[in-house]
Amino acid sequence: EVQLQASGGGLVQAGGSLRLSCAASGFIFDEYAIGWFRQAPGKEREGVSCIGSSGRNAFYPESVKGRFTISSDNAKNTVYLQMDSLKPEDTAVYYCAATPPTPNGNCWSEAFMYNYWGQGTLVTVSS
């Protein structure tokens with residue numbers, strides 16, 4: 001059974017940092033792409049980062065580029081999302097998701113391409 005467990009959310013002041021973790025089980029970890037998505041109240045789910053199979057080629061949208069860093073630890077079957085310089089607009093429930101990668105091993109930026117989802121972890125950034 002595929003399981004994804006996101007953790008690490010919390011309350012932080014603007015300008016602060018948080019590191020989210022996504023612990024995966026039930027599939028061959030380094031053969032899958034992992035994505036982080038977020039959803040704020042009243043808004044659509046949006047991608048904030050993803051990483052391809054074997055940790056290749058991370059992707060970031062402009063809204064988080066330079067502030068968020070995704071990394072993977074194959075030994076721990078865990079993907080991390082380091083979030084720095086947080087802004088109030090980063091407040092959302094953050095989800096991790098997994099899916100087979102693109103034919104060249106990269107990740108998908110679109111949420112609908114992801115087959116497996118973990119429960120969310122809430123990030124609240126106060127101003």
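In this chain, residues are counted from 1 in sequence order.
- Met83 and Val125 fall within the same hydrophobic cluster, defined by Ile, Leu, Val, Met, Phe, Trp and Tyr side-chain heavy atoms under 4.5 Å apart, directly or through other members.
- Considering only heavy atoms from C-beta on, Val123 stays 4.5 Å or farther from Arg38 through its side chain.
- Taken to the nearest 0.5 Å, the NZ atom of Lys87 stands 8.5 Å off from the OG atom of Ser63.
- In this structure, the side chain of Ser85 does not engage the main chain of Gly15 through any donor-acceptor pair within 3.5 Å.
- With hydrogens and angles left out, the side-chain atoms of Asp30 and Ser54 include no donor and acceptor closer than 3.5 Å.
- Around atom NZ of Lys65, more than 12 heavy atoms belonging to other residues, nucleotides or ligands sit under 6.0 Å away.
- Heavy atoms only, all atoms of each residue included: Thr121 and Gly8 are closest at OG1-N, 3.9 Å.
- Annotation: side chain of Ser72 is not in contact with side chain of Ile34 (no heavy-atom distance under 4.5 Å).
- Atom OG of Ser25 sits about 7.5 Å away from atom CD of Glu1, to the nearest 0.5 Å.
- Atom CD of Gln82 is separated from atom CD1 of Ile70 by 12.0 Å, given to the nearest 0.5 angstrom.
- Closest of all the heavy-atom pairs between Ser126 and Leu11 is CB-CD1, 4.3 Å.
- In this structure, the side chains of Phe68 and Trp36 stay at 4.5 Å or more apart for every pair of heavy atoms.
- In this structure, Asp73 CG and Lys76 NZ are separated by 5.5 Å, a value rounded to the nearest 0.5 Å.
- One finds the OH atom of Tyr116 at 8.0 Å from the OG1 atom of Thr99 (value rounded to the nearest 0.5 Å).
- Residues Met113 and Val48 do not share a hydrophobic cluster, defined by chaining ILVMFWY side chains whose heavy atoms lie under 4.5 Å apart.
- Atom CG of Leu20 and atom OG1 of Thr78 lie 12.5 Å apart (nearest 0.5 Å).
- Between Phe29 and Val79, some side-chain heavy-atom pair lies under the 4.5 Å cut-off.
- The aromatic rings of Phe27 and Tyr32 lie tilted to each other, with the angle between the two planes from 30° to 60°.
- Checked against Phe37 for a ring pair (Phe, Tyr, Trp, His ring centres under 6.0 Å), the options Phe112, Trp117, Tyr94 give a single hit: Trp117.
- Minimum heavy-atom separation, Ser127 to Pro88: CB-CG, 3.8 Å.
- The cluster map of Ile, Leu, Val, Met, Phe, Trp and Tyr, joined by side-chain heavy atoms under 4.5 Å apart, puts Tyr114 and Tyr95 in the same cluster.
- Trp108 places a side-chain heavy atom less than 4.5 Å from the side chain of Thr102.
- Looking at Cys50 and Asn106, their side chains never come closer than 4.5 Å, going by heavy atoms from C-beta outward.
- What you find for Asn77 and Asn74 is that their closest heavy atoms are OD1-O, 3.0 Å.
- Taking every heavy atom of both residues into account, Ala92 and Ala40 meet most closely at CB-N, 3.8 Å.
- The shortest side-chain heavy-atom distance between Thr69 and Tyr60 falls under the 4.5 Å cut-off.
- Closest non-hydrogen pair, Gln119 versus Leu4, comes out as OE1-O, 3.5 Å.
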